[in-house]
Each structure stands twice: as C-alpha cells, then as structure tokens.
Amino acid sequence: MIGQTGPMPIELTIVLIVLGVLLVGGLLFVALRPRGDSNARLPQREASPYPGDLGAEAGGGVGTLERPVDEPVETDEPGSAEPAVTTPTLERPEASATRWQRLRARLARSGAIGNAILAILSKGSLTEADWEEIEETLLMADVGLEPTTALLDTLRTEAKVADTSDPEVIRGVLRRELLALVGPDMDRGLDVSPVVGDDGEKHPASILVVGVNGTGKTTTVGKMARMLVADGHQVLLGAADTFRAAAADQLETWGGRVGVPVVRSDREGADPASVAFETVKEGAASGADVVIVDTAGRLQTKSNLMEELGKIKRVMGRGAPVREVLLVLDATTGQNGMRQAQVFSEAVDITGIVLTKLDGTAKGGIVIAVQKELGVPVKFVGLGEGADDLAPFDPAGFVDALLS
C-alpha cells in the first residue's frame, strides 16, 4: 500500500553508521587538540658544567680520544632576537710556583721529628739515654739506619763544641744536617722538554706513572695535569689502567675540568702497552707537548706485572725516549714503601718520586730514606686532598717545616 513504511535497506544503514562515526571522531579531535604552537620544542637536557662529565657514556676502542666538549652551546630564549651562547667553564688551576707557600703550614704537622730532637738537645749536658732517645726518634720517623747513624755522629761532635743551652745554635746545627741529608743539590725539576724522535721530528715529553694499589696514582696524574696546564703546557692523558674502568672515568673527570683530553680503551683488560703507545702517538699528532700515562696498581711481589711495566715503557719509547718515570709512594707506609721503591726501580728505572699523604704524618723521614736508597729525588709531594694540593718538593722548606 502506498505510504506504508518498511524496513530500511541494509546499505543505507551502513552508510549512516559510518557517517556518524566520522562525525563523532571529528568532534573529539577538535575538542582535544592542544592549544598554542604545534611546533614547540621539547625541553633540552641541561648541559653538564664540566666537560668530560661522567654522565656521558664513555666509549671508543683502544686509542680512542675522549675530548672535552668546548664548543659553544646555542639555546633559544623566549623573546630574544638571537640565540644565547653558553660556553662550559674550565677551572683555573693554581700555578706550581705558589703552591708550596700555601701548603707549607700543613707540612708543619710532621714537625714532631725536629721538635722532639730540639727538646732533647736543648737540655745542655746530654746523657747516653738522651742520645738513644734521639736515635729512636729518627728511626721512628723512617729516616733510615744509615742516615740516622751519620746524623747522630755529627750531632755528638757538634754538641761537644757548641753551646747546647742556646736553642738557636742547636736549631741551626740540626737544620744544616737535616738539609744535607735531604739533598738540596738534587735536580728536582720535571723534564718536559721536547724529544727528537727517531724520525727527526719533535715528540711530546712522555711521563710514565707507576706504583702499588692505593697510593693515589690516578689522582696524582690528574693533579699533575692541572699543574702543567697552569704552567702553560698542552697535556694529553693516557688511561693505561685497563683493568679498572673507573680509573679511565676518573682521568676523564680530572682532564675535563681543565680541558685535557684522555686516550682510553673501551675494552676492559685491553693491552695497556697498546693504550700507552696510542697516547704517545696521538700526543704527537695533536700538538701536545706533555703526555702522562697512568698505569694499573700492582704489588711488587708479582713478577709478571712488574715485567708488564717494562713492556709499557719500551713500547712508549719506540718513537722517542720516555722523559720521566715517576713512582708514587704513600708517605704513611714508611719503610714498607722502601721495598716497593726498590723493585719498581729495577723494573723501569725510576727518575723521580711523588710522595702522597705527606701531611698529617710524622714519618717525613721517608724523604731522606728513599732518596738514599734509590739515588733519585723526591720531585713532588701531596699535602692534602684538594685538586691543587700537589706541589714541587722544596728541600729547605721541608726542613724548616720539620723544625717549626
């Protein structure tokens, strides 16, 4: 019958459903669309204030150069016509010439040696028990048996002719003799002059740093780099302690603070001699004038590890001779450090000693003993935990601090 309504065709039903879904979707899109600039940038992570910060992933193969980031970083500030430029700030380490004056007061803590002897000598007439007490004081301070005997013989002779009741006379005699034992005429300068290699070209002065575990080798290398940078040198560090990843990370942190790059391996247990060789090679290519190579700590009783040190030095010296081999000793170990010094010297021909932790110990006599034993000078001393608490050794200042 005309006018009668029947079921809606299936095709029309589908079309209406599709149109309804599209309409609802369009309305939701408009309602949920973010307001403002659709091209806004995501916030950028703030750059580390120190180049070489350990937040960045360390990598690279053997000989990979980890350079501090020193390029300017551009950031868009709202309302500024041009992008602002920020440059990472490098620290300014203290020059070597002024360090001793600042640190000398700390060394005076070791003055127990001189003060104890002065107190005994100032008594006037000395008994045999007094002389034995002086001898014990010197031995306890790790001066060593031979130097102690020589000093006692001189003091006995001087006491017979000098007015021992005058403290200044006694102080003068003791200062003169202690200074003679310390060796004011020894060459304590660090040889960083350029080296002419087998190829006739100039090579950077290379320095190898060795020692047992726990003496502070890696920290000493970092502090030396700071001191050399303050004195105007271009420095490159080599992380040849490949058995301890933290050592390479630590070097990068030290170097990053003053703009010094580090050559390292990304493979734990890599050949340290290879890293040392690549460091010297990269130093020549990059124009560095001083290269310092850190090594893994090792016990002097491990002959294979001591032989490895000899290999590292030989490989480093293929292009040009190694200028310095520095042994880092913990001053608080006293005579225990003497055996270490002997074995290391036999393995790699030590040219100088770095005494760490010299402040706060009454065993300052180790300076005399180790020089007497090895015939090489103490060149640097660590007198604190600060970044610039490493200083060139001053014999006269050392003795004066002992007697202060």
Side-chain angles (χ1 to χ4, degrees), residues 52 54 58 60 62-68 93 190 192 204-229 233-283 286 288 290-299 305-306 308-317 322-330 340 344 347-348 350-356 379-380 382 387 390:
L54 296 186
V62 173
T64 295
L65 183 63
E66 298 292 340
R67 293 187 179 276
L190 188 68
V192 291
S206 55
I207 301 171
L208 179 63
V209 180
V210 302
V212 302
N213 297 304
T215 57
K217 290 187 317 309
T218 302
T219 298
T220 296
V221 170
K223 290 182 178 182
M224 284 182 60
R226 293 178 62 90
M227 186 167 55
L228 289 168
V229 167
H233 293 282
Q234 296 293 322
V235 183
L236 177 66
L237 300 180
D241 182 353
T242 58
F243 298 98
R244 190 168 61 94
D249 294 340
Q250 188 179 356
L251 271 189
E252 287 183 0
T253 300
W254 277 105
R257 292 177 175 180
V258 290
V260 172
V262 177
V263 174
R264 63 176 293 173
S265 171
D266 63 349
R267 183 169 60 85
E268 186 175 343
D271 182 11
S274 177
V275 176
F277 177 79
E278 290 296 330
T279 303
V280 175
K281 181 180 177 181
E282 175 61 30
S286 65
V290 182
V291 167
I292 311 176
V293 174
D294 182 30
T295 60
R298 59 202 70 215
L299 294 175
L305 295 180
M306 299 307 297
E308 184 182 67
L309 274 185
K311 175 186 175 183
I312 294 174
K313 183 185 176 185
R314 289 193 303 272
V315 171
M316 281 181 65
V322 176
R323 278 292 193 210
E324 297 272 5
V325 180
L326 300 179
L327 173 63
V328 180
L329 287 178
D330 182 341
Q340 299 172 15
F344 275 91
V348 284
I350 303 298
T351 62
I353 305 293
V354 180
L355 277 178
T356 61
K379 294 196 173 187
F380 298 96
L390 182 77

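Please read these numbers as outputs of a predicted model, since none were measured by experiment.
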Just wondering, do Phe380 and Leu355 contact through their side chains at under 4.5 Å, heavy atoms?
no
Thr215 (side chain) donor-acceptor with Gly211 (main chain) under 3.5 angstrom:
no
May I ask you to test the Pro261-Leu236 pair for a side-chain heavy-atom distance under 4.5 Å?
yes
CA sep, side-chain torsions, deciding dist, call: Lys217, Val212, side-chain contact (heavy atoms from CB on, under 4.5 Å):
CA-CA 8 Å; Lys217 290 187 317 309; Val212 302; over 6 Å; no
Under a 3.5 Å threshold, yes or no: a donor from one side chain and an acceptor from the other, between Thr218 and Asp294?
yes
Determine whether a donor-acceptor pair (N or O, by modelled atom type, separation under 3.5 Å) exists between the side chain of Thr242 and the backbone of Ala270.
yes
Compare all side-chain heavy atoms of Arg226 with those of Val260 and state whether any distance is below 4.5 angstrom.
no
Using a strict cut-off of less than 4.0 Å between a Lys/Arg side-chain nitrogen and an Asp/Glu carboxylate oxygen, indicate whether Arg298 and Glu308 qualify as a salt bridge.
yes
Does the side chain of Lys313 come within less than 4.5 Å of Leu309's, by heavy atoms?
no
Taking side chain as C-beta onward, heavy atoms only, is Leu390 less than 4.5 Å from Met227?
yes
Given Val192, which of Leu228, Ile292, Val235, Val291 fulfils the side chain to side chain contact (heavy atoms under 4.5 Å, CB included) condition?
Leu228
Are Trp254 and Thr219 packed together at the side-chain level, in the sense that at least one heavy-atom pair is separated by less than 4.5 angstrom?
yes
Out of curiosity, Phe277 CZ to Asp271 CG, how far, rounded to the nearest 0.5 Å?
11.5 Å
Does Arg264 come within less than 4.0 Å of Asp249, counting only side-chain N to carboxylate O?
yes
Looking at side-chain heavy atoms only, is the closest gap between Met316 and Leu208 below 4.5 Å?
yes
With a 4.5 Å limit on heavy-atom distance, are the side chains of Val328 and Val210 in contact?
no
For Val290 and Ile207, what are the C-alpha separation, side-chain angles and deciding distance, and is it a side-chain contact (heavy atoms from CB on, under 4.5 Å)?
CA-CA 8 Å; Val290 182; Ile207 301 171; 3.9 Å; yes
Could you walk me through whether Val263 and Leu237 pass the side-chain contact (heavy atoms from CB on, under 4.5 Å) check?
CA-CA 6 Å; Val263 174; Leu237 300 180; over 6 Å; no
